[in-house]
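Read the structure below first, then the notes.
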Amino acid sequence: MRINHSVWLGVIAIFALTMPSQPALAQDEEGLAKKLANPVASLISVPIFFAFDHNIGPRDEGERYSLTIKPVIPFSLNEDWNLISRTIVPVVYQDDISPGSGDQFGLGDTFQSFFFSPVQPTSKGFLWGVGPTILFPTATDDLLGSEKWALGPTGLLLKQAGPWTYGMLA
């Protein structure tokens, strides 16, 4: 199946047109910017990333288009704790990445992470979260995924000071 550049541009345009044009009006811009930069904030977000890689593969003739959808959904467990669900779903088109492979289009493997995080930052202003991450072999083509399940720990630590967010997600 051959997908041309216009199809990808159409997919991106549809996503852009369906996204809300204005953030929640009750939020001030700086407060909303801080929440968007905070992966454990009480804010549902759906970041969408597009990447184009060219000259990949052993002959440097392959190309890959990736649209990665990363919804982050918080759940309040009680007045002190949140559970944050972070999912990474790649939609991929790739062509000629290895000799004789042709082209592939479909879903890649899905990563699902859960962070247990306190509602309030520490006394020093740090926000943190820990939990499991799971790799699901959801690829629709063998060349788009690992064909394996995986399970491991994940964690994050961040601090917001003024307009800056410093942090680490592992």
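Scanning for side-chain contact (heavy atoms from CB on, under 4.5 Å) contacts around T87 gives P71, S85, V89, T110, Q112, with sequence neighbours left out. By the side-chain contact (heavy atoms from CB on, under 4.5 Å) test, Y166 pairs with A161, W164, sequence neighbours left out. With sequence neighbours left out, P121 forms a side-chain contact (heavy atoms from CB on, under 4.5 Å) with L127.
The two residues L77 and F116 come nearest to each other via the heavy atoms CD1-CD2, 3.9 Å. Between F105 and Y93, the shortest heavy-atom contact is CD1-CB, 3.7 Å. Nearest approach of P74 to I44, heavy atoms of both residues: CD-CG1, 3.8 Å. Contact detail for T140 and G106: the closest heavy-atom pair is OG1-CA, 3.2 Å. When all heavy atoms of P58 and I97 are compared, the closest pair comes out as CD-O, 3.2 Å. Pairing each heavy atom of T154 with each of P132, the nearest pair is CG2-O, 3.7 Å.
The number of heavy atoms from other shown groups lying within 6.0 Å of CZ (F136) is above 12.
In this structure, F50 CZ and T68 OG1 are separated by 10.0 Å, a value rounded to the nearest 0.5 Å. To the nearest 0.5 angstrom, F115 atom CZ is 8.0 Å from I84 atom CD1. Between the CZ atom of R86 and the CD1 atom of I73 there is a distance of 13.0 Å, given to the nearest 0.5 Å. The distance from the CZ atom of F111 to the CD1 atom of I134 is 11.5 Å, given to the nearest 0.5 Å. Atom-to-atom distance recorded for L83:CG and S117:OG is 10.0 Å, nearest 0.5 angstrom.
By the rule that hydrophobic residues join a cluster once side-chain heavy atoms approach within less than 4.5 Å of another member, L169 and L158 end up as members of one cluster. No chain of hydrophobic side-chain contacts below 4.5 Å, direct or via other Ile, Leu, Val, Met, Phe, Trp or Tyr residues, connects I56 to F52. Hydrophobic cluster membership differs between F49 and L67, with clusters built from Ile, Leu, Val, Met, Phe, Trp and Tyr side chains linked at under 4.5 angstrom. If you chain together hydrophobic residues whose side chains sit under 4.5 Å apart, V130 and F114 fall into the same group.
Judged as a side chain to side chain donor-acceptor pair (under 3.5 Å), not a single pair has a partner in residues 69-80 (not counting sequence neighbours). Applying the salt bridge (charged side-chain N to carboxylate O under 4.0 Å, His left out) definition to pairs two or more places apart or across chains, those involving residues 52-61 are R59-E61, R59-D96.
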Side chains of residues 141-153: which donor-acceptor pairs under 3.5 Å do they make with residues two or more places apart or in other chains?
residue: D141; atom: OD1; partner: L143; partner atom: N; Å: 2.9
residue: S146; atom: OG; partner: D109; partner atom: OD2; Å: 2.9
residue: S146; atom: OG; partner: K148; partner atom: N; Å: 3.3

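In this structure the side chain of V92 reaches within 4.5 angstrom of the side chain of R64, judged on heavy atoms.
Here the side chain of K124 pairs no donor or acceptor atom with the backbone of K159 at under 3.5 angstrom.
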